[in-house]
Amino acid sequence: MKTLLQVVRRILPLQLQNPSFPASNNWRRFCSYQLSNSLPPPNSKLFVGGLSWSVDEKSLRDAFSSFGEVTEVRIMYDKESGRSRGFGFVNFLKEDEATCAKDAMDGKAFLGRPLRITFALDKVRGAPVVVPRLPKNGNAIWRNR
DNA sequence: GTTGAGCGTT
């Protein structure tokens with residue numbers, strides 16, 4: 001009596017028979033593996049979304065400086081209205097400081113709105129911009145990676 | 001008095 005898994009393995013192409021493909025029936029683990037594998041890699045710079053309109057760079061720096069040495073804070077503003085676009089970047093001296101700040105602050109309310117923090121994308125000249133989708137759980141889902 | 005996902009004015 002062949003198990004379903006044995007049948008599947010016989011008919012699947014070899015590329016799909018690799019260690020990341022579920023050898024057991026644990027699809028939940030497989031999906032979370034794929035998800036975590038698609039997150040932005042750790043970086044000393046954080047993308048901070050979900051900012052209240054009224055947050056400025058000074059208050060953002062103050063909120064993050066307790067996790068490490070903040071080397072740069074930038075909030076994106078609309079060019080004509082001058083209003084905050086609701087997201088910005090916080091750069092730390094060290095990557096583990098950024099990781100610490102992200103873990104501590106992601107999802108935490110700041111001036112009434114929950115922050116959505118991921119590691120910033122590497123801005124690579126000449127490369128096509130891969131736009132991540134940010135679902136409600138705050139984890140970025142990437143394509144082409 | 002508005003709006004609410006997203007990746008950046010040198």
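Values below: all heavy atoms of this structure, side chains included; hydrogens, waters and symmetry mates excluded.
Lys108(A) is linked by a side chain to side chain contact (heavy atoms under 4.5 Å, CB included) to nothing, counting only residues two or more places apart in sequence or in another chain. Every residue two or more places apart in sequence or in another chain was checked for a side-chain hydrogen bond (donor to acceptor under 3.5 Å, both in side chains) with Ser66(A), and none qualifies. Residues meeting the side chain to side chain contact (heavy atoms under 4.5 Å, CB included) test with Thr71(A), sequence neighbours left out: Asn91(A), Leu93(A).
Heavy-atom nearest nucleotides on DNA chain B were determined for Ser52(A) and for Ile75(A), and the one closer to the 5' end corresponds to Ser52(A).
Atom-to-atom, CG of Leu51(A) to C1' of dA5(B) comes out at 12 Å; the value is rounded to the nearest Å. When rounded to the nearest whole Å, the span between CG of Leu115(A) and P of dG4(B) equals 19 Å. Rounded to whole Å, atom C1' of dG8(B) lies 9 Å from atom CD of Glu72(A). Straight-line distance from the CZ atom of Arg113(A) to the P atom of dG6(B): 14 Å, rounded to whole Å.
Sorted by first and then second residue, the salt bridge (Lys or Arg N to Asp or Glu O under 4.0 Å) pairs with a member in residues 57-71 of chain A read Lys58(A)-Asp62(A); sequence neighbours excluded. Sorted by first then second residue, the salt bridge (Lys or Arg N to Asp or Glu O under 4.0 Å) pairs that include residues 71-98 of chain A, not counting sequence neighbours, are Lys45(A)-Glu72(A), Glu72(A)-Arg74(A).
No contact: Leu46(A) has no heavy atom under 4.0 Å from any strand.
Residues of residues 76-98 of chain A that place a heavy atom closer than 4.0 Å to DNA chain B, in numerical order, are Met76(A), Arg83(A), Arg85(A), Gly86(A), Phe87(A), Phe89(A).
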